[in-house]
Amino acid sequence: MKPFSVRPGAARPLAWLAALLALYLCAPFLAGIAQIGQADWANVDWRQTWSAVGVSVASASVSTLIVLLGGVPLGYFLARSTSRRMAVLGFVVQLPLALPPLTSGVLLLFLLGPYSFVGSLFGGTLTDSFAGIVIAESFVSAPFLHLAAHSAFAAVDPVYEDVAATLGHHAGSRFLRIMLPIAWPAIGAGLALAWLRAFGEFGATVMVAYHPYSLPVYTYVMFGSLGLPAMMPLLLPTLAIAILCAALSICRRRGRTASDAMGVADTAAEETAGIVPGAQAPADDTRLAFELEHRAGAFHLDVRWAPSARRLAIVGPSGSGKSMTLRLIAGLEQNKRDVSHSHVMLGDIDLAALPPERRRIGYMPQDYGLFPHMTVAQQLAFPVAADAAGARYWLDHLGLSSLTRHLPSQLSFGQRQRVALARALTQSSQLLLFDEPFSALDTPRRRLLQASLRALQRDIDAVTIVVTHDPDEAALLADEILVLEHGRVLQAGPVRELFARPASVRVAELLGLPNIGEGIVCDDGGIDTQAGLVLRPDACGHDAGSRVLWRVAPDGMRAADHGAYTGRIESLQLRRGERYAQVRIGDLLFEARADESAFDNASTCLHIDPSSISIWLPALV
């Protein structure tokens with residue numbers, strides 16, 4: 001991908017606007033330098049000046065610590081809450097940004113002044129004191145940190161918390177080890193803004209605590225008594241702090257850029273390194289069974305399944321409830337108020353009775369859920385029940401031994417998938433849940449990783465569920481399939497059974513099966529498709545008038561000089577090197593193998609082999 005670039009014509013006005021603002025911001029500093037020679041250095045009270053600097057630095061640091069301890073949790077809960085009450089609280093805590101500082105000081109006097117109820121409890125010590133300065137600075141600077149924390153946590157994908165829960169970590173650990181480190185760069189910027197805002201606060205401070213002098217208040221007092229020549233010496237500490245903050249910001253940016261520049265080549269050899277040699281079938285005969293009912297607004301999920309196989313797949317269109325089913329199995333929705341029923345058994349273990357951190361489930365979301373601030377080695381050590389020997393085993397067998405110091409941003413898609421697999425397997429998970437693990441990959445890489453996962457399924461002692469909208473992927477990775485639509489089970493059973501006899505035309509569509517429809521058995525054993533076509537199978541086996549499903553195998557249709565049917569060739573398609581024709585007979589569209597040149601004609605006679613026609617009764621699970 002080429003780097004983003006700005007067209008020359010569009011860059012000119014942008015450059016002028018940027019230069020204009022930069023000039024305006026730099027101009028006061030340049031004007032101040034010109035006044036150095038006019039400064040009244042002889043009459044500076046350095047003792048009082050440094051005292052004011054110390055008061056401002058100390059009070060800004062204390063107030064920033066206070067707002068850090070409260071602002072970060074507040075930002076987190078507001079970012080994760082959908083409650084209107086919490087939204088109103090978030091609006092209120094931002095009001096100090098819209099208030100003039102003097103107004104903020106007056107409001108604080110109403111609350112904490114010597115004649116207020118709270119002030120009288122403290123004997124009037126909350127004003128005209130160091131505590132008063134801290135209180136005033138905390139009030140005006142807190143919104144800066146709160147907004148930064150709120151925005152940072154809102155930008156963090158909640159899937160990281162979900163994955164951490166399945167790896168055995170409780171809520172407090174997930175916040176401290178996952179959410180906070182990921183959000184910290186933005187929170188750190190808000191922390192710096194809050195400190196600088198507190199350090200430079202004047203209006204609220206002068207109302208609540210005129211004494212002891214902070215640096216802004218002392219600067220105001222000296223300006224009133226000695227005029228402008230006395231300002232330059234007093235501005236030096238502030239300018240020095242501003243320069244230091246700017247230097248730290250530039251160094252931090254350079255460090256981040258250097259880190260982002262690192263990368264790892266994404267080659268086909270790396271993708272295939274994850275393929276695991278076949279192994280003996282696992283001795284454990286654990287099976288999964290679940291009954292789930294869940295309401296989310298107008299959507300109602302109702303799924304019941306007790307498969308007999310260990311390799312399972314859930315197929316359905318977008319919005320059918322596939323991912324929600326996985327989340328319910330993992331226990332990631334159990335604290336939601338709209339969950340009405342959940343029963344999940346893994347062998348003799350009732351998973352529904354356990355919180356997600358105790359279920360020992362390996363959960364892989366679509367983007368694999370690798371924590372962006374952890375190296376590969378740290379990812380594998382993160383599960384609470386991580387086994388060091390197991391981690392080393394999977395590092396070797398999945399081709400990750402040379403990548404232990406790499407961050408997720410430095411890995412290819414295939415490497416990320418293998419790291420996520422290894423992380424789940426290091427805690428000896430008995431159940432692995434994959435939510436469309438290959439959806440973001442191109443076709444060649446997807447085929448390689450599907451083969452890798454299939455080989456891995458033979459090597460591990462775990463039940464696996466793969467959610468996908470690709471029926472070919474489901475057939476490759478599963479022995480049993482559950483077909484979902486609108487939160488309801490359309491059909492469930494062994495792969496061969498579903499592909500051979502789908503329960504309805506809709507199931508056939510979701511499985512990508514061609515040449516399937518509904519019909520009625522005629523008196524002579526033919527099948528009236530009610531679309532201008534009567535099929536003639538070898539044997540029907542059902543009573544006349546019965547409603548049945550029929551299927552014509554694509555290989556059973558061929559062009560002929562004198563066929564029983566006349567069709568029109570609508571298109572020719574090439575799939576994996578083989579030609580297929582879309583043939584319309586009556587109102588029905590069929591798919592036929594088109595190896596013969598006769599299919600090149602727009603209209604042709606067709607012969608349908610009676611043995612290629614399957615008939616069965618529709619049935620729902």
Quick one: does [X]'s side chain have a donor or acceptor within less than 3.5 Å of a partner on [Y]'s backbone?
X: Gln48; Y: Ser51; answer: no
X: Ser120; Y: Phe117; answer: yes
X: Arg327; Y: Lys322; answer: no
X: Thr404; Y: Leu400; answer: no
X: Gln427; Y: Thr166; answer: yes
X: Asp435; Y: Ser323; answer: no
X: Tyr210; Y: Asp128; answer: no
X: Thr127; Y: Val208; answer: no
X: Glu473; Y: Asp470; answer: no
X: Ser63; Y: Ser59; answer: yes

Could you check whether atom CZ of Phe202 has more than 12 heavy atoms from other residues, nucleotides or ligands sitting under 6.0 Å from it?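 For Phe202, atom CZ is crowded (more than 12 foreign heavy atoms under 6.0 Å).
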
Near Phe130 CZ, under 6.0 Å, is it more than 12 heavy atoms from other residues, nucleotides or ligands?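 Check passes, neighbour count above 12.
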
Could you tell me which non-hydrogen atom of [X] sits nearest to which non-hydrogen atom of [Y], and how far apart they are?
X: Val384; Y: Gly168; result: CG2-O, 3.1 Å
X: Gln379; Y: Pro408; result: NE2-CG, 3.6 Å
X: Ser129; Y: Ala209; result: O-CB, 3.5 Å
X: Gly190; Y: Leu145; result: C-CD1, 3.9 Å
X: Ser138; Y: Val67; result: O-CG1, 3.7 Å
X: Phe122; Y: Val118; result: CD1-O, 3.3 Å

Please determine whether side-chain contact (heavy atoms from CB on, under 4.5 Å) holds for the pair Val55 and Leu215, giving the CA-CA distance in whole Å, both sets of side-chain angles, and the decisive distance to 0.1 Å. CA-CA 7 Å; Val55 169; Leu215 185 58; over 6 Å; no

If you define the side chain from C-beta out and look only at heavy atoms, does anything of [X] sit under 4.5 Å from [Y]?
X: Leu301; Y: Leu328; value: yes
X: His373; Y: Ile178; value: yes
X: Pro372; Y: Ile182; value: yes
X: Leu99; Y: Leu107; value: yes
X: Leu78; Y: Phe91; value: no
X: Gln417; Y: Met364; value: yes
X: His406; Y: Gln415; value: no
X: Leu380; Y: Arg392; value: no

Between [atom1] on residue [X] and [atom2] on residue [Y], distance to nearest 0.5 Å:
X: Leu407; Y: Arg405; atom1: CG; atom2: CZ; result: 12.5 Å
X: Ser429; Y: Tyr363; atom1: OG; atom2: OH; result: 14.0 Å
X: Ser116; Y: Leu126; atom1: OG; atom2: CG; result: 7.5 Å
X: Arg416; Y: Leu403; atom1: CZ; atom2: CG; result: 12.0 Å
X: Leu326; Y: Glu333; atom1: CG; atom2: CD; result: 11.0 Å
X: Phe144; Y: Leu191; atom1: CZ; atom2: CG; result: 13.0 Å

Would His211 and Tyr213 count as a close aromatic pair, with their ring centres under 6.0 Å?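 Ring-ring flag for His211/Tyr213: true, centres closer than 6.0 Å.
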
Are Phe223 and Tyr218 close enough that their ring centers fall under 6.0 Å?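 Between Tyr218 and Phe223, which both carry aromatic rings, the centre distance is not below 6.0 Å.
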
Parallel under 30°, tilted from 30 to 60°, perpendicular over 60°: which one fits the rings of Tyr76 and Phe175?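 Plane angle over 60°, so perpendicular.
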
Below 30° counts as parallel, above 60° as perpendicular, anything between as tilted: where do the rings of His146 and His150 land?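 Ring orientation, 0 to 90° scale: tilted.
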
Go through it in stages, so that I can follow the logic: the residues are Trp195 and Ser141, the test is side-chain hydrogen bond (donor to acceptor under 3.5 Å, both in side chains), and I'd like the CA-CA distance, side-chain angles, deciding distance and then a yes or no. CA-CA 7 Å; Trp195 190 91; Ser141 65; over 6 Å; no

Ring pair (Phe, Tyr, Trp, His ring centres under 6.0 Å) against Phe382, all qualifying residues, sequence neighbours excluded: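 Expected list: His169, Phe371.
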
Is it true that Glu137 and Arg197 have a side-chain N and a carboxylate O under 4.0 angstrom from each other?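 No.
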
